[in-house]
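Comments concern the structure below.
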Amino acid sequence: MVDAYQPIDHEYALDRDCTTLSRHVLQQLQSFGPDAQDLSTLMNRIALAGKLVARRLSRAGLMAGALGFTGEMNVQGESVKKMDVYANEVFISVFKQSGMVCRLASEEMDEPYYIPENCPVGRYTLLYDPIDGSSNVDININVGSIFAIRQQEGEDLDGSASDLLQSGRKQIAAGYILYGPSTMLVYSIGRGVHAFTLDPSLGEFILSNEDIKIPEHGPVYSVNEGNFWQWDEGIRDYIRYMHRHDGYTARYSGALVGDFHRILFQGGVFLYPGSVKKPEGKLRLLYESAPLAFLAEQAGGRASTGIQDILDVIPDKLHARSPLVIGSTEDVALVESFIQERSRQQTEATAVR
Ligand code: AHM
Ligand code: MG
């Protein structure tokens, strides 16, 4: 009798190399049912978008018309870069004829983009920031794409997409793609946070870090201190505390995805508070803060406006902004404590007057 074949040396490496994103989603859900297949396909499409953007970024300096500004302004009043437009269109193209996504809403589009041919069956909406940290693009420093998937509620017959104006707890999946020294895709479908690294030789995202947990505390605080004099006193108190205590270090890349990625793995806190010029801060709730808040909570960390959990905030419009404090539980709580203390002092002072 011939013995059954026993793989020995390569079993672990091959098993890891075969853990692609779509397989991982199915494993997580322990199902081959329609919902699991949908999510697996959606993640596969997002991965394709990530590969297309990564390919263009990797050669942008050699291509005519890939870098620089378009001369247009987006709905946020910010100058649009050619790479913003390209990446925005990549996501639209990828989901055309997917049969799954009826609406896409992004930082670069005033109104949601409808794919009518998908709408009879497409129950999902993709919210995304195609290029996060676009100021980094022209100088070849890390940028990212952020995404969230929500289930469409109702028919949206008037095209107002008002069902999107609900809390981040309605997200069924969220994540980002980091275009760094290697391209990584980090995602959650509500069962932990997992990272995949693009293996260029295979053209596939392969599982590299499973069930990532943010340390409860970390040394990094990540904030644009150029805005110091525009912040409320509570945030300034926190920064002064950082300056005066050992064990803290500042890191700020100008791309939220990169800064958050560091904190996800090493702990610490990222802040984009409200300021005199921007009372709600800069970051948009639906496709920047809420997706990363979903990941932070799934990784055992926290995300807050400073006074409320980000995932509980209900946006009043598609492009609503909100202050963001995100990262390790202890570090987010420390920022909140300075905000609360100042607010308590102000309440007391008002009562005395
Ligand atoms: P963008 O999506 O238009 O690039 O804007 C978001 C970016 C974040 O990635 C980053 O954290 C922040 O803006 C940086 O802003 P600032 O230059 O004000 O510090
Ligand atoms: Mg952004």
Side-chain angles (χ1 to χ4, degrees), residues 49-50 53 57 60 67-88 90-91 104-110 127-148 174-180 184 186 220-231 235 239 250-264 268-293 295-296 303-306 310 318-327 335:
V53 174
L57 284 169
L67 297 177
F69 291 98
T70 62
E72 308 283 313
M73 304 283 260
N74 68 11
V75 59
Q76 334 276 337
E78 296 158 349
S79 300
V80 176
K81 295 226 159 148
K82 291 173 186 167
M83 199 62 77
D84 291 322
V85 175
Y86 176 80
N88 191 54
V90 160
F91 279 87
L104 295 97
S106 102
E107 179 175 329
E108 301 304 330
M109 299 186 288
D110 199 348
L127 295 127
Y128 65 112
D129 179 359
I131 296 285
D132 171 64
S134 7
S135 75
N136 286 2
V137 160
D138 294 342
I139 46 168
N140 191 30
I141 301 183
N142 70 281
V143 291
S145 300
I146 308 176
F147 61 87
Y176 60 80
I177 302 153
L178 171 64
Y179 311 102
M184 290 185 80
V186 178
V220 166
Y221 71 100
S222 185
V223 65
N224 185 345
E225 288 198 52
N227 297 328
F228 187 87
W229 291 110
Q230 289 196 47
W231 293 328
I235 299 290
I239 296 298
R251 293 284 185 276
Y252 192 73
S253 76
L256 169 63
V257 164
D259 290 326
F260 176 73
H261 190 74
R262 179 197 299 277
I263 285 163
L264 178 65
V269 64
F270 173 96
L271 304 86
Y272 207 112
S275 64
V276 174
K277 281 192 202 153
K278 296 177 183 156
E280 297 303 314
K282 178 179 181 188
L283 301 170
R284 275 70 34 138
L285 193 66
L286 281 167
Y287 42 81
E288 290 180 318
S289 304
L292 298 191
L295 295 180
S304 162
T305 62
I310 286 283
L318 187 61
H319 299 287
R321 298 171 197 260
S322 144
L324 177 66
V325 182
I326 188 167
V335 178

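None of the values given here were measured: they were computed from a predicted structure. Remember, it's 1-based here, ligands and their atoms both numbered in the order they're listed.
The shortest N or O to N or O distance between N227 and ligand 1 is not below 3.5 Å. The shortest N or O to N or O distance between S135 and ligand 1 is not below 3.5 Å. The shortest N/O to N/O separation between G133 and ligand 1 falls below 3.5 Å. Residue contacts with ligand 1: K278 is placed with no nitrogen or oxygen under 3.5 Å of a nitrogen or oxygen of the ligand (distance criterion only).
Those atoms of ligand 1 with a heavy atom of A255 less than 4.0 angstrom away are 9 (O). Taking every non-hydrogen atom of E288 and a distance limit under 4.0 Å, the qualifying atoms of ligand 1 come out as 2 (O), 6 (C). For ligand 1 and Y252, the ligand atoms under 4.0 Å from any heavy atom of the residue are 11 (O), 12 (C), 14 (C), 15 (O), 16 (P), 19 (O). Close approach of ligand 1 to E107 is summarised as follows: ligand atoms under 4.0 Å from at least one heavy atom of the residue are 1 (P), 2 (O), 3 (O).
A pairwise comparison of heavy atoms in E288 and L256 identifies CB-CD2, 4.3 Å as the closest pair. Smallest separation of non-hydrogen atoms from G254 and N136: C-ND2, 4.2 Å.
Using a 4.0 Å cut-off between heavy atoms, R284 contacts ligand 1 through its side chain alone, with no backbone atom that close. Heavy atoms of L256 found under 4.0 angstrom from ligand 1 belong to the backbone as well as the side chain. Using a 4.0 Å cut-off between heavy atoms, Y287 makes no contact with ligand 1 at all.
A donor atom on one side chain and an acceptor atom on the other are found under 3.5 Å apart for Y179 and S145.
For F91 and Y128, the gap between ring centers is short of 6.0 Å.
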task = Quick one: do H261 and V186 satisfy side-chain contact (heavy atoms from CB on, under 4.5 Å)? Show the steps, please.
result = CA-CA 9 Å; H261 190 74; V186 178; 4.0 Å; yes
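Side-chain contact between Y176 and L264 is present, with at least one heavy-atom pair separated by less than 4.5 Å.
Applying the salt bridge (Lys or Arg N to Asp or Glu O under 4.0 Å) definition to pairs two or more places apart or across chains, none involves residues 220-231.
The side chain to side chain contact (heavy atoms under 4.5 Å, CB included) test applied to N224 returns N227, Y252, not counting sequence neighbours.
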